Every structure is written in C-alpha cells, then in structure tokens.
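Encoded as structure tokens, the structure appears first; notes follow it.
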Amino acid sequence: MRFHRLKLGGVVAVTCSVIAGSALIGVPASSAAGAGSDVISTVAGGGATPGIGSGVASLSASLGSPVAGVFDAHGNVVFADQNNNVIRVAAASTGTFWGHALTAGHTYTIVGNGIAGDIGDGSSSALTTAELSDPNGVAVDALGDLVITDSGNDAVRFVAAVGGFRYGQQMSAGKIYSIAGGGQEGDITPGGSTFSAGLTSPDGVAFDAQGDVIVADTGNDLIRLIPAVARTVFAMAVQPGSIYTIAGNMNYGYTGNGGPGPSAQLQLDSFNGVAIDSKGDVVFSDVDNQAVRFVAAATGTSLGRAVKAGDIYTIAGTGPNDEGFKGNKKPATKAWLDTPQGVAVDSAGNVFISDSLNNMIRFVPAAKGTFDGFAVKAGDIYTIAGNGNAGYSGNGGLATSAALNGPAGLSMGPSGRLLVADNGNNVLREITSTVLPPPSVTAVKPASGPISGDRKVTLIGADLAGVTAVMFGAKPALTFTVRSARKIIAYSPTDTIGKVTITVIAPTGTSVAGAVDTYTYLIAAAVKKHHHKR
C-alpha cells in the first residue's frame with residue numbers, strides 16, 4: 001500500500017455517473033454544413049475574483065485546483081474546489097437548488113466554509129458552515145443527493161436531498177453526513193460497518209442507478225462499494241450500512257485480469273476516476289498501471305466482451321511498463337497512456353478517458369460507426385480533445401486543436417456534453433457536439449495584382465479562425481496571417497496572367513468558390529518616364 005497526493009495544479013481526476021439519454025458527442029459529417037466537430041469552451045474559472053464567495057460570474061471566478069465536476073439534472077455544474085475546501089456550483093439554470101437561489105452564469109458555494117476540518121455532520125446549521133478537507137470527488141444522483149470524497153478526512157460524506165433511513169442511518173433533507181470512514185486506516189473487513197471502515201485518501205466517486213456509492217479508496221489500492229439497497233451484485237450479497245471491496249487486494253501491482261476483482265492487484269494514485277455504465281459495471285482509472293479497467297456487475301456481455309459477475313478486465317492501456325502516447329486509431333488494449341485519470345461512460349457504453357500527462361481526452365467506442373466525421377471501430381482508441389501541448393487555448397474552436405493542462409475529472413451530461421476538469425489551468429471546460437460551417441470568403445481586396453506576386457491581399461469572410469491554408473488557384477499563399485474569424489492577410493504567390501479562385505481550408509471544410517473570391521494576375525504596369533523640356 002502507498003499513496004501520493006498531487007495538489008496545487010498537480011494532475012488529478014474524477015468520477016462520473018451515467019445520465020440517461022447521454023449520447024456520443026461527435027456527429028456525422030455533413031457535406032452541406034461542414035464536418036461534424038466537437039467544440040470546447042470554459043464554463044467556470046479563469047478569472048481573477050478570489051475566494052469562495054457566492055454570486056460571482058462563473059468566468060470571473062478564480063478556482064483552487066478543481067479536480068472533479070459533474071452535471072446535475074438541470075445542467076448545473078457541481079464541482080469540488082479542492083484547495084478552497086468547498087463544493088461549488090456553476091449555475092446553468094436560474095432557480096433554487098441545495099437551498100440557494102442561483103442565477104445562470106454565476107458560481108456559488110453550496111457546501112463548506114473554506115476551512116479545512118471535519119465538523120458539520122447532522123448539524124442543523126447551513127451546509128456552508130460545515131468543514132471539508134481536500135474534497136476531491138463529487139457526484140450527483142437523480143434526486144439531487146450529493147456524495148463527496150472528503151479526502152483529507154479519509155471519509156465519504158453525503159448531502160441528502162430527501163430524508164429517511166439511508167446508508168444505515170437516519171437522515172434529514174439538506175443535511176450532511178459521513179457514510180463511510182472514521183475507522184482505522186487499512187481496515188478493509190469485507191462486509192464491515194461503513195462507520196468503522198478504514199479509508200485512506202478516497203477520491204473518485206460515483207452513484208449507480210440503485211443509489212449505491214462506488215469509491216476509489218486510493219491509499220489502500222481498492223475500489224469499494226457502499227450499498228443503498230440490499231441485493232446481489234458483483235457476485236456478492238450486499239446490504240446498507242456495510243462496505244464491500246469489488247477490486248483490489250491491497251497489494252501494489254498489475255494482475256488479475258479475467259479473474260475476481262478482489263483478487264486483483266491495482267496501482268491507484270491520486271487521482272482515480274470512477275464511472276458506472278448503464279449495466280452497473282464499474283469503470284475506473286488504474287493510474288500507475290497506465291490502464292483503464294472495469295469490474296462486471298453481472299454475468300453477460302459488457303463493453304464488447306463476455307464477462308463474469310465480479311471479474312475484472314482492462315479496457316485501455318497495456319500496463320505500468322508502457323507509459324506515453326501510442327496506438328491512436330488502434331486497439332485500446334495495445335495503446336499507451338500517460339497517467340489516465342478521469343473516466344466517463346455514456347449510455348451507449350462509449351468510454352472517455354482523460355490521458356492527463358498527454359494533455360488529451362481519448363475515446364474508446366463501444367460499436368463500429370461514425371464519430372466526428374470519421375469512421376471508428378469498436379474497442380479502438382481515438383483522440384477527441386487536446387493537441388498534446390500543455391497550455392490553455394482553443395475556446396470556441398475545435399476541441400482537438402485546443403491546449404489542455406493536466407485534464408483530470410470527466411463527466412457525461414445532458415445531450416452528450418462532456419465536462420473536463422482542466423486542473424492545471426484551474427478551470428472547468430465543456431466539449432459539445434456541433435456542426436461547424438466551413439470557412440467562406442466574401443471579399444478580396446485588392447482583387448488583382450502583378451504576376452510577380454508578393455502582393456498584400458486582404459480576405460474578408462466568415463468562420464476563418466481555424467484556417468490552415470490559403471490557395472491562389474493551385475498555389476499556396478506565400479504567407480498568411482489569420483487576424484480574426486472574419487479577416488485574413490495573405491501574400492499572393494507568383495503566377496501567369498489570368499483569373500484564379502482563392503480558397504481557404506480549415507478542419508471544418510474548404511470554402512466554396514463564388515464570384516467574389518477571385519483574384520486576377522496582371523502584367524506589371526510599365527514605369528512612365530518623365531521627359532524634361534530643354
């Protein structure tokens with residue numbers, strides 16, 4: 001057993017719970033409207049307003065190393081603001097949520113007072129008076145319940161949306177409770193009480209459809225189950241109030257594929273994302289093994305293979321000896337990853353991975369088809385966001401052209417929106433599916449020039465921001481500069497006398513030729529000689 005925590009911009013990751021109706025975020029190409037494209041934008045953070053005050057414009061807020069974010073049923077983004085020791089929400093909807101009146105486009109603190117501590121369980125005081133310590137993971141269920149991995153307190157805490165006897169204790173709506181932890185570190189007695197369970201720096205967390213909570217017990221190299229209802233799952237009978245191990249044996253290593261999950265060796269490290277697919281299978285990032293693995297909830301077929309209840313399998317990555325970037329557009333189980341952290345699964349069983357130190361988001365499709373304008377094969381791996389460079393750029397443009405910095409937590413939301421905790425940039429970003437139009441040219445100034453070329457030509461048009469080439473007929477411009485989405489400065493190449501069509505090329509397509517995007521090459525005008533009178 002070992003554990004290493006990364007903070008203050010270090011790479012971390014998160015949970016995801018499946019939201020019914022989520023879909024593949026890419027769309028087929030359209031020859032009329034341009035290529036299907038995923039666009040990236042920032043939904044919270046990146047501003048200069050410090051602190052944890054509520055009502056700050058989301059893009060003006062300064063965040064403290066966010067590591068986990070999820071969409072709720074209303075499209076609001078709930079996230080763990082780790083270094084600020086609070087849970088916050090970036091509101092997408094105006095209304096009352098978690099006892100707060102929220103205005104869309106603004107960020108609010110809903111749990112925690114910013115002081116690292118462990119008070120507040122069952123208190124009648126407001127949730128914003130409770131104390132958390134390094135909250136990492138967060139998940140939201142359909143009722144609006146919140147589950148939080150209070151990592152610094154070695155506990156899992158729960159904010160009840162409805163009251164009743166839940167997880168082995170009586171709860172009141174709107175209050176916070178510990179539902180696991182508080183025992184001696186390392187106590188992993190199967191079926192033992194959640195209140196004496198020994199958790200060590202838990203981080204990734206998710207709800208399944210039954211309301212069960214699955215948590216990455218990172219310091220113990222375990223994946224554990226906190227049941228909400230009594231049933232048989234993962235080849236074991238479970239009941240509320242107890243905690244169970246579904247993967248890991250506390251020995252640090254990479255073994256066990258195709259066998260019982262509790263017999264396998266894992267190499268968890270901060271941060272390990274957890275997600276649940278539509279069948280209840282648990283997908284998680286086995287960070288130091290450079291792999292993404294899953295445990296089957298029931299015997300049958302899952303994620304493209306025959307599985308046995310309770311057994312463990314690898315989805316992507318080859319193991320701890322192969323760290324890096326390799327295998328794009330090839331079988332995911334032969335690909336190399338570099339510190340995979342966040343994981344998400346949509347309702348079709350497609351798996352999304354934050355390949356953190358490669359600064360990319362990668363994708364393993366569940367079935368053969370078309371994604372983002374290109375053909376994909378089931379079980380292969382593809383890049384859908386990030387250009388591989390650590391940085392912060394690309395908002396409003398193609399996700400694959402954007403720079404990310406240690407992307408961590410992932411969460412699938414309504415209409416296939418994918419939330420990314422861009423941890424190194426202290427922001428939360430969103431990847432959405434849209435069909436971007438190809439670039440167009442509406443004016444060329446001047447519309448003619450000498451055959452010798454090197455004439456400065458201004459192109460006016462639309463959707464020019466992503467242009468990668470400017471052509472004068474069959475010849476590329478000598479040089480060009482994209483000034484804005486509506487303007488390019490290009491220098492004409494040499495050519496022969498006559499008219500050519502100027503076309504501009506971008507990942508979204510090529511401009512369509514028209515009457516206004518032509519350029520005429522002329523013989524250079526003769527220099528007039530001035531005769532002086534004698």
Side-chain angles (χ1 to χ4, degrees), residues 25-43 59 370-374 384-385 387 391-403 415 417 429-525:
I25 62 175
V27 293
S30 167
S31 58
S37 305
D38 293 328
V39 176
I40 193 167
S41 59
T42 294
V43 297
L59 297 182
T370 301
F371 175 85
D372 215 15
F374 57 85
I384 62 165
N387 60 18
Y392 182 50
S393 67
N395 279 336
L398 295 175
T400 49
S401 299
S415 303
R417 297 158 64 193
R429 303 175 83 174
E430 166 181 85
I431 301 171
T432 55
S433 174
T434 187
V435 178
L436 296 179
S440 61
V441 177
T442 57
V444 177
K445 301 177 182 179
S448 62
I451 59 174
S452 59
D454 204 24
R455 170 64 63 89
K456 179 181 177 181
V457 181
T458 300
L459 309 181
I460 304 299
D463 304 299
L464 302 176
V467 165
T468 57
V470 175
M471 304 296 293
F472 284 69
K475 293 186 174 183
L478 294 178
T479 62
F480 71 92
T481 303
V482 178
R483 292 291 178 83
S484 70
R486 298 185 58 81
K487 184 177 181 180
I488 292 176
I489 302 298
Y491 285 82
S492 62
T494 60
D495 210 330
T496 56
I497 295 173
K499 183 182 290 187
V500 298
T501 297
I502 293 179
T503 54
V504 293
I505 302 169
T508 54
T510 300
S511 61
V512 177
V516 296
D517 52 7
T518 60
Y519 183 82
T520 301
Y521 280 96
L522 305 171
I523 296 176

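Only a predicted model underlies this, so the values are computations on that prediction, with no experimental measurement involved. Sequential numbering from 1 along the given sequence is applied to the chain's residues.
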| said: Within this structure, what is the OG1-CG distance for the pair Thr432 and Asp38, rounded to the nearest 0.5 Å? | reply: 7.5 Å
| task | Measure the OG-CD1 distance between Ser41 and Ile431 for me, rounded to the nearest 0.5 Å. | result | 9.0 Å
| query | Looking at Thr458, Val457, Val467, Ile502, which hits side-chain contact (heavy atoms from CB on, under 4.5 Å) with Ile488? | reply | Val467
| Separation between CG of Asp495 and OG of Ser452, rounded to the nearest 0.5 Å | 11.0 Å
| Main-chain N/O of Lys499 paired with Thr518 side-chain donor or acceptor, under 3.5 Å | no
| field | Validation row: Tyr392, Arg429 side chains within 4.5 angstrom (heavy atoms) | value | yes
| If you round to the nearest 0.5 Å, how far is OG1 of Thr468 from CD1 of Ile505? | 6.5 Å
| task | Could you tell me whether a side-chain N or O of Tyr519 sits under 3.5 Å from a main-chain N or O of Gly449, the two making a donor and an acceptor? | result | yes
| request: Measure from the side-chain N and O atoms of Thr503 to the backbone N and O of Ser511, and report whether any donor-acceptor pair falls under 3.5 Å. | output: no
| message | Under the criterion side-chain contact (heavy atoms from CB on, under 4.5 Å), I'd like the reasoning laid out for Val516 against Val444: C-alpha separation, chi angles, the key distance, then a yes or no. | response | CA-CA 7 Å; Val516 296; Val444 177; over 6 Å; no
| message | Within this structure, what is the CG-CD1 distance for the pair Leu398 and Ile40, rounded to the nearest 0.5 Å? | response | 10.5 Å
| request: Look only at the side chain of Asn387 and the backbone of Ser401, and say whether a donor-acceptor pair between them is shorter than 3.5 Å. | output: yes
| Of all heavy-atom pairs between Val43 and Leu59, which one has the smallest distance, and what is that distance? | C-CD2, 3.9 Å
Quiz: residues 470-486 side-chain donor-acceptor pairs under 3.5 angstrom, not counting sequence neighbours:
{"unit_1": "Lys475", "atom_1": "NZ", "unit_2": "Thr494", "atom_2": "O", "d": "3.0"}
{"unit_1": "Ser484", "atom_1": "OG", "unit_2": "Arg486", "atom_2": "N", "d": "3.1"}
{"unit_1": "Ser484", "atom_1": "OG", "unit_2": "Lys487", "atom_2": "N", "d": "3.3"}

| message | Looking at every non-hydrogen atom in both residues, tell me the closest pair between Pro439 and Gly509 and how far apart they are. | response | CD-O, 3.4 Å
| note | dist Ile451:CD1 -> Leu522:CG (nearest 0.5 Å) comes out at 9.5 Å
